[in-house]
There are 2 protein chains.
Amino acid sequence: MVRAGLTVERLTQAGAELADEVGFEQVTVSAVARRFDVKVASLYSHLKNSHDLKTRIAQLALAELADRGATALAGRAGKDALTAFADVYRDYAQEHPGRYTAARFRLDPEVAAASAGARHAQMMRAILRGYDLTEPDQTHAVRLLGSVFHGYVSLEAAGAFSHSAPDSQESWSRIVESLDALLRHWPASASVSAY
Amino acid sequence: MVRAGLTVERLTQAGAELADEVGFEQVTVSAVARRFDVKVASLYSHLKNSHDLKTRIAQLALAELADRGATALAGRAGKDALTAFADVYRDYAQEHPGRYTAARFRLDPEVAAASAGARHAQMMRAILRGYDLTEPDQTHAVRLLGSVFHGYVSLEAAGAFSHSAPDSQESWSRIVESLDALLRHWPASASVSAY
DNA sequence: TGCATCTACCTAATAGCTTTAGGCAAATGA
DNA sequence: TCATTTGCCTAAAGCTATTAGGTAGATGCA
């Protein structure tokens, strides 16, 4: 009996590939076992359970996304940085739809704290350094950027923009441009706004 | 043998309630059957399958959300309309987290076309009439609003904003205000922008 | 009212996924 | 070379989905 050489890392990687091929929801312990031509029960020496597998795929995706973000941000600032970072999200979701979905998998608080999630927020703040925002507006802006990136990408993945003109790429560019403009002219609180 | 009086509507309603209680992912044909104290197979006279059940819950949620949106928009315009409509999304997601998730369930194209989804887009365009946008910018703006509303609400539901200051309500208000400002001063295309 | 039909819900069965318990053989290391 | 560790296996129980076919309650018509 030749051993398959299973490790948590290989299982996670295979799960991530499977997610991209058939969707994160369809990733099961059984399907991963099949991929290694191994009995299902064998995976339970490496994984706690199904939730554990999904959590690991989510962490992998978050880390990959953060790595790409860091690379994109290197040597860039201002609108250039904003655009590059935004494209990282959108491109990743298009190249790896299953992993992108995995990245939105709800993690347990402790796991989330130890994940690459924090790096994402740090990078957004780094981008915002190119704009003139101070707390608490910077935090509001981080949340806005996160919402737009995630919201757009997931609506697009759901096909929401695929059956109407203009094409999605154009909206994406214009939206990122408009965010740049908004960040450059972030309005003061409504009650005192003279915008 | 007393009959339970199952109908597609009651099953859908029960499924929606279940979704709010335990999460849309946990809504199963079995769980709904249990709720009516009926055998699982009995539901298959009313529902095609599990996917059918989920689709119906999604349609219910989309319709409820559209109804609330329409009510909120009545007699309002401009920033007032924008704020009220935005709050409809956020409040609905908070009151009915399972239904809100259901509303994002990917529908088959024909089902989607017949759903309340179109009403949502129409309402956004109605709001934008209060701003000075013409095509294709209006479409870009519809997509931006959809992205921000959905993105913010789903990140918030995932707990992304719950462990840091300032509190989520404040960010939400400021973000909606900033969108209002952005729509009032929508930048021309980048290449010719003098913003 | 009585009977035929319809249909709502049932039992039974198959199949897939999850998870645990316990076993054997390959790898490791003294 | 032998003991130990450990990787993968078989077996089994429990849950969900789905289909086929049966029975009794509800409905409609004479």
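Below, read A as the first sequence line, B as the second, and so on, with proteins coming before strands; counting in each chain starts at 1.
- For A:Glu170 and B:Arg143, the salt-bridge test fails: no basic side-chain N is under 4.0 Å from an acidic carboxylate O.
- Taking every heavy atom of residues 29-43 of chain B and every atom of DNA chain D, pairs under 4.0 Å involve B:Val29, B:Ser30, B:Arg34, B:Val40, B:Ala41, by number.
- Within the nucleic acid shown, B:Ser45 comes within 4.0 Å of at least one base atom, counting heavy atoms only.
- Comparing C:dC17, D:dG7, D:dA17 by their closest approach to the side chain of B:Tyr44 singles out D:dA17.
- Not a single donor-acceptor pair under 3.5 Å links the side chain of B:Ser171 to the backbone N or O of B:Ser168.
- The neighbour count for A:Asp37 CG, taken as heavy atoms of other residues, nucleotides or ligands under 6.0 Å away, does not exceed 12.
- Evaluation of the salt bridge (charged side-chain N to carboxylate O under 4.0 Å, His left out) test over residues 147-160 of chain A, restricted to residues two or more places apart or in two chains, returns A:Arg90-A:Glu156.
- The pair A:Glu95-A:Arg68 counts as a salt bridge, with a side-chain nitrogen and a carboxylate oxygen less than 4.0 angstrom apart.
- Contact check of residues 16-24 of chain A against DNA chain D (heavy atom, cut-off under 4.0 Å) returns no residues at all.
- One can place CD of A:Glu25 at 18 Å from C1' of D:dA17, the figure rounded to the nearest angstrom.
- For B:Ser50, counting side-chain heavy atoms from C-beta on, the closest listed nucleotide (C:dC17, C:dA8, D:dA17) is D:dA17.
- Using cut-offs of 30° and 60° on the angle between ring planes, the pair B:Phe24 and B:Phe105 is perpendicular.
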